[in-house]
Engineer: 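The structure under discussion is supplied below as structure tokens; questions concerning it will follow.
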Amino acid sequence: MSGPAWHEPTLATLTGRRFSDEHWLFEPKFDGVRAVGVRDTGTPKLYSRNRKEMNDSFPELVEALTTCGRQRFVVDGEIVAFDGRNTSFAALQPRIHLTDPRRARATGMTVYYYLFDLLYLDERDTTELPLRQRKTMLRDAFEFTDPVRYTTHRNTDGERYFRQACGRGWEGVIAKRADAAYHSGRSSDWLKFKCSQGQEFVIAGFTDPQGARLGFGALLLGYYENGRLRYAGKVGTGFDESLLGSLHAQLRDGEMPSSPFTDQVREPGAHWVSPSLIGQIEFTEWTRDGRLRHPRFSGLREDKNPTEVVRETPGNEDVTENR
DNA sequence: TTCCGACAGTGGGGTCGCAAT
DNA sequence: ATTGCGACCCCACTATCGGAA
């Protein structure tokens, strides 16, 4: 890199392993949009993970980067909006695609740019330096005033930090190897510890497969509320080929002509099945529209009656479970 | 030889922009 | 005015293949 220029960001690898290790440090996992900030003396640019320029969506962040005291730099961070105390992708979403900076500002949604890495400063490419050193340089290089913020990290006790993060309703924690150079693309030097949710859902339909897919595309999921079957969205991942085949056979046996849902489900070509199978589904959160976000299938549940399947909320936990 | 990482392909919710209806 | 579609954001997961160990 001869000057400050776009650099493909590091992507963290999901892991179920939690650990504490003196060679690793721990950061909050934000629920926002990844952004690489580049300035070569002129107007700073904000780029998405796929190198799409986002200046028009976040004009106040561009402005803040202009006045932060440095002429030539490349930084890595996350653009976030808050819903209460926590970062919220849903809150940010209406701004992401806006192409008119005046409209972006007019949304009234306050956004912040949390910086957590430094790739270039003044005349120097810093990507080969160890992470800890890059972070120190980053912290010292800029005047952090809203909406640009420095991302604080923990040096110790990653497991405890993870538990606290989940308790606060965060998305999770990113663990980073403290002595590693900056690596573009997917890397095992950065690991995601995700706080996940899961519960059972009734399977009440399925969609046709696309392309080379076998069996079915996705399962249509529901839960009972006051004796009526509410729609909770679809799940289309988590199956291997044999499960796609065997589940599809079971579903065909239970097919029925009309929708068992009380909600209108607009799903062209959907097949309806009598709600007797129950699936365990992992997901990140409920969306505003009552659908599952990032759902994945983790198995069939044989130990429950479909009518017992309800939407679980904090304080509405099934006391027979010990998750 | 076995294992691992990168990649392609399938699937999810949501939003905007634009063309077709 | 409404609807449908693609292109983006956020993703999870499986299958495959080639190179590293």
Engineer: In whole Å, I'd like the distance from the CZ atom of A:Arg291 to the C1' atom of B:dT15.
Structural biologist: 15 Å
Engineer: Does a side-chain N or O from A:Arg296 land closer than 4.0 Å to OP1 or OP2 of C:dC13, or not?
Structural biologist: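 Yes, within the criterion.
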Engineer: Could you give the distance from CG (A:Leu221) to CD1 (A:Ile281), rounded to the nearest 0.5 Å?
Structural biologist: 5.0 Å
Engineer: Using a strict threshold of under 4.0 Å (side-chain N to carboxylate O), is an ion pair present between A:Arg213 and A:Asp208?
Structural biologist: no
Engineer: Can you tell me the distance, in whole Å, between the CZ atom of A:Phe216 and the C1' atom of B:dG12?
Structural biologist: 13 Å
Engineer: Does a nitrogen or oxygen in the side chain of A:Asn50 sit under 4.0 Å from OP1 or OP2 of C:dC8?
Structural biologist: no
Engineer: So, OP1 or OP2 of C:dA12: does either fall under 4.0 Å of a side-chain N or O from A:Lys194?
Structural biologist: yes
Engineer: Taking NZ, NE, NH1 and NH2 as the nitrogens, is one of them in A:Glu27 or A:Lys135 under 4.0 Å from a carboxylate oxygen of the other?
Structural biologist: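 Yes, A:Glu27 and A:Lys135 are salt-bridged.
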Engineer: So if I take residues 233-241 of chain A and measure heavy-atom distances to DNA chain C, which residues fall below 4.0 Å?
Structural biologist: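 A:Thr237, A:Gly238, A:Phe239, A:Asp240, A:Glu241 - these, ordered by number, are the residues of the stretch whose heavy atoms sit under 4.0 Å from the strand.
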Engineer: Any side-chain heavy atom of A:Arg177 sitting closer than 4.5 Å to one from A:Leu131?
Structural biologist: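 No - every pair of side-chain heavy atoms lies 4.5 Å or more apart.
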Engineer: Looking at B:dG13, I'd like to know if its phosphate oxygens (OP1 or OP2) sit under 4.0 Å from a side-chain N or O belonging to A:Arg288.
Structural biologist: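 The answer is no; no side-chain N or O of A:Arg288 sits under 4.0 Å from OP1 or OP2.
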Engineer: More 5' along DNA chain B: A:Pro295 or A:His183, using each one's nearest nucleotide?
Structural biologist: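 Final value for this comparison: A:His183.
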Engineer: Given B:dT10, B:dG12, C:dC10, which nucleotide is nearest the side-chain atoms of A:Arg213?
Structural biologist: B:dT10
Engineer: Verify the ring-centre separation between A:Phe261 and A:Tyr231: is it less than 6.0 angstrom?
Structural biologist: yes
Engineer: Over how many whole Å does the gap from A:Asp56 atom CG to B:dG17 atom P extend?
Structural biologist: 12 Å
Engineer: Does A:Lys29 put a side-chain nitrogen or oxygen below 4.0 Å from OP1 or OP2 of C:dC11?
Structural biologist: yes
Engineer: I'd like to know if the side chain of A:Lys176 and the backbone of A:Asp189 have a donor-acceptor N/O pair within less than 3.5 Å.
Structural biologist: no
